[in-house]
2 protein chains.
Amino acid sequence: MSTKRVTSHDVARLAGVSRTTVSFVLNNVPGMQISEDTRRRVFEAARQLNYHPDATARRMAAGQTNVIGFVLRQSHEQAFADHFMPQVLSGLSQAASAQGFHTLFEPIPPGDNSGTYLRLINERHADGIVLSGPRSDDEDLLKIRAEGAKVVLLGQLPDSDIPFVDVDNVGGACMATQHLIELGHQRIAMITNAPLAYTASTARLAGYRQALTLSGIQSDDRLVRYGNFTPQSGYTAMNDLLAQELRPTAVFVASDTVALGAVQAIRQVGLRVPEDIALVGFDDIPLAEFMDPPLTTIRLPALGLGFGGADLLIRLISGDEVNLTQIILETQLVVRDSSGANLSIRK
Amino acid sequence: MSTKRVTSHDVARLAGVSRTTVSFVLNNVPGMQISEDTRRRVFEAARQLNYHPDATARRMAAGQTNVIGFVLRQSHEQAFADHFMPQVLSGLSQAASAQGFHTLFEPIPPGDNSGTYLRLINERHADGIVLSGPRSDDEDLLKIRAEGAKVVLLGQLPDSDIPFVDVDNVGGACMATQHLIELGHQRIAMITNAPLAYTASTARLAGYRQALTLSGIQSDDRLVRYGNFTPQSGYTAMNDLLAQELRPTAVFVASDTVALGAVQAIRQVGLRVPEDIALVGFDDIPLAEFMDPPLTTIRLPALGLGFGGADLLIRLISGDEVNLTQIILETQLVVRDSSGANLSIRK
DNA sequence: CTGTTAGCGCTTTCAA
DNA sequence: TTGAAAGCGCTAACAG
């Protein structure tokens, strides 16, 4: 602070070599035959002066920032509603730092279409971005792609060749529904996690229908309701379902958070989970395990999503030949009590 | 991508001025009298060429990165266990971007003492850091401070003059306990959020005792148990308390997550919340509202914590005269059903 | 009011 | 095996 910054020049002088040599030694540049003695002197001088190369200058010279941007296009509340995003972020930065990259965290205020994240690329703050919550009406995304920027999406955009990493929503929903079918249920309702404008929502609904079809069960739209991220929406939707003349014996709720409200609604009319109505959730939020009853649900590879996104992006940046740029990660069924699986065993 | 990068030189040429003028115009440097005509020509040229100043070069020349680092010293699981950190991060990046700063997200793998975050400063990746989860045995922290780096802590370090922003844990715990006292309870137990090695834990315990003392209630260590972040720990602790010869009539659990387990334990022995045992939590996690019963708890200014941290740091970086560098933010009592407040009214 | 010029600290080609 | 020198793109002190 008080003293001037130590530069490679200082190190060179102390070691009695040129700055070039310092750079070669400290960066361990391959193909350079430098005498053991020189090498040692350089290291010693650097240590002695407490020298640290200036990242900015290095970027300047290298023409690369070694930074990836993580752009959150969703509202923050929504993004972090389900404990999912922190894990994604964790995986992302893990993968990044493993490859010597840093992570710039860039949430976009909802409704901000002023191209905030374009600047990340245009002004070269980062070498590329991982974009969470892509929307098909995002003009910035098209623009940025057209300019050849490196972008990886977390989640899919229909009919697009943009590289992405996503979770297998269809497969997960199918697995959840099949689990209920295997337990003997025929009249299975579904509550979505969100309105169908969200692709994840559509995909989960598709998985539910797929499972029914595979088992020869007629899917019935009167058994489908739409959630909206919150427990309240689950409560409302479930009440609606319970008012049906022919009540479902099981329900697949495509979000644990929404399921929370659904369970409440079921209880309130004096029915029990899973004895009267079996329930499977989706997401495996940390609290799913501690709900009453503990929730059978679908676990998503959140860490893997972030890790995969960063990894893919960095390979794109590095110019590696990447053969697979659209990746879908498998989900996992976690059986607890709410589906009644343990109940059947007990009998 | 394909074509070479557009530089201020190109803009200057097209506008028929020098690079200096371009810089002055585009940065709107005060005190420069530039003709309206020139100004317009520069803007036009920049627009036409789709010019964007290179952040790296700019940093190089300015000697400042306009980046703050957010360093997470806790384990990720722990950091994000309670929905708190995402909000902090949100507030942080809001404050940062409002002042033209970007946020570098830097989680430290637990047990990593290799000075990973020292490099953030030493190599000038950032102008300063906000450090979450500081520990008194953190040598890197002392070192970095000694070198004059700008650091703001989220949370306190006893007997230190390092700038920090923290939540009023003592006040919050006191408020929670007083709420129970006001409802007529005398025999009030407490379960901490974590072992006492954590300063937040100690502070909350202190607040609990303070409230008792203020009301002339003898505090009794047999009524204090230690949680450990998880519902399980709350379950165990509560069971332990229930086994006492003289059962408490109320319990203050210094973490909503831990409270979840406590409620379970109470239910399991056939008692009701709040009729038999009143309960107040801490943190106001999003699910607190949807627990059964909805949890009375203490809300923390998570967004404000992050915002305040970034704001303070940036003022420190800018060299502003900052008179108050140790900030404590107020908490808020959120009354729901678990404390029995609404119950009393009903009667 | 505008242009010249000298850095910022590093990498890397080319020559010695 | 090592060194000299040319950038990277921008800012800002100083001249004009």
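Lettering of chains follows the sequences in order, A, B, ..., and the numbering in each one begins at 1. The shown structure was predicted, so the numbers you read here are calculated from the model rather than taken from an experiment.
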How many Å lie between CZ on A:Arg13 and P on D:dG3, as a whole number?
-> 14 Å

OP1, OP2 of C:dG3 versus side-chain N and O of B:Thr21: anything below 4.0 Å?
-> yes

Atom CZ of A:Arg135: over 12 foreign heavy atoms under 6.0 Å | no

Greater than 12 external heavy atoms within 6.0 Å of B:Gln64's CD = yes

Rounded to whole angstroms, how far apart are NE2 on A:His9 and P on C:dG7?
-> 13 Å

Rounded to the nearest angstrom, tell me the gap between atom CZ in A:Phe24 and atom P in C:dC14.
-> 12 Å

Proximity to the side chain of B:Thr7 - top-ranked nucleotide from D:dG9, C:dG3, C:dT13 = D:dG9

Return yes if some donor-acceptor pair links the side-chain N/O of B:Thr21 with the main-chain N/O of B:Val17 below 3.5 Å, else return no.
-> no

Contact class for B:Thr20 (heavy atom, under 4.0 Å): base, sugar-phosphate, or nothing?
-> base

Short side-chain N/O contact from B:Ser23 to OP1 or OP2 of D:dT11, under 4.0 Å = yes

Give a yes or no on whether the backbone of B:Thr65 and the side-chain of B:Asp127 come within a donor-acceptor separation of less than 3.5 Å.
-> yes

Find the distance between CD1 (B:Ile129) and CG (B:Leu118) and round it off to the nearest 0.5 Å.
-> 8.0 Å

Phosphate contact (D:dT2 OP1 or OP2) by A:Ser35 side-chain N/O below 4.0 Å = yes

d(CG, B:Asp127; P, C:dC8) in whole Å | 18 Å

Walking DNA chain C from its 5' end, the first of B:Ser18 and A:Ser8 to be reached, judged by nearest nucleotide, is B:Ser18

Got a sec? Which of residues 46-69 of chain B come in under 4.0 Å of DNA chain C, heavy atoms?
-> B:Met60, B:Ala61

Listed by chain and number, what are the salt bridge (Lys or Arg N to Asp or Glu O under 4.0 Å) partners of B:Asp54, not counting sequence neighbours?
-> B:Arg5

State whether the number of non-hydrogen atoms from other residues, nucleotides or ligands found under 6.0 Å of A:Arg39 atom CZ is greater than 12.
-> yes

Hey, is CD on B:Glu44 packed in by over 12 heavy atoms from elsewhere, all under 6.0 Å?
-> yes

In residues 36-45 of chain A, what residues come within less than 4.0 Å of DNA chain D, judged by heavy atoms?
-> A:Thr38

Counting N and O atoms only, with roles assigned by atom type, does the side chain of B:Ser97 sit under 3.5 Å from a partner on the main chain of B:Gly100, one being a donor and the other an acceptor?
-> no

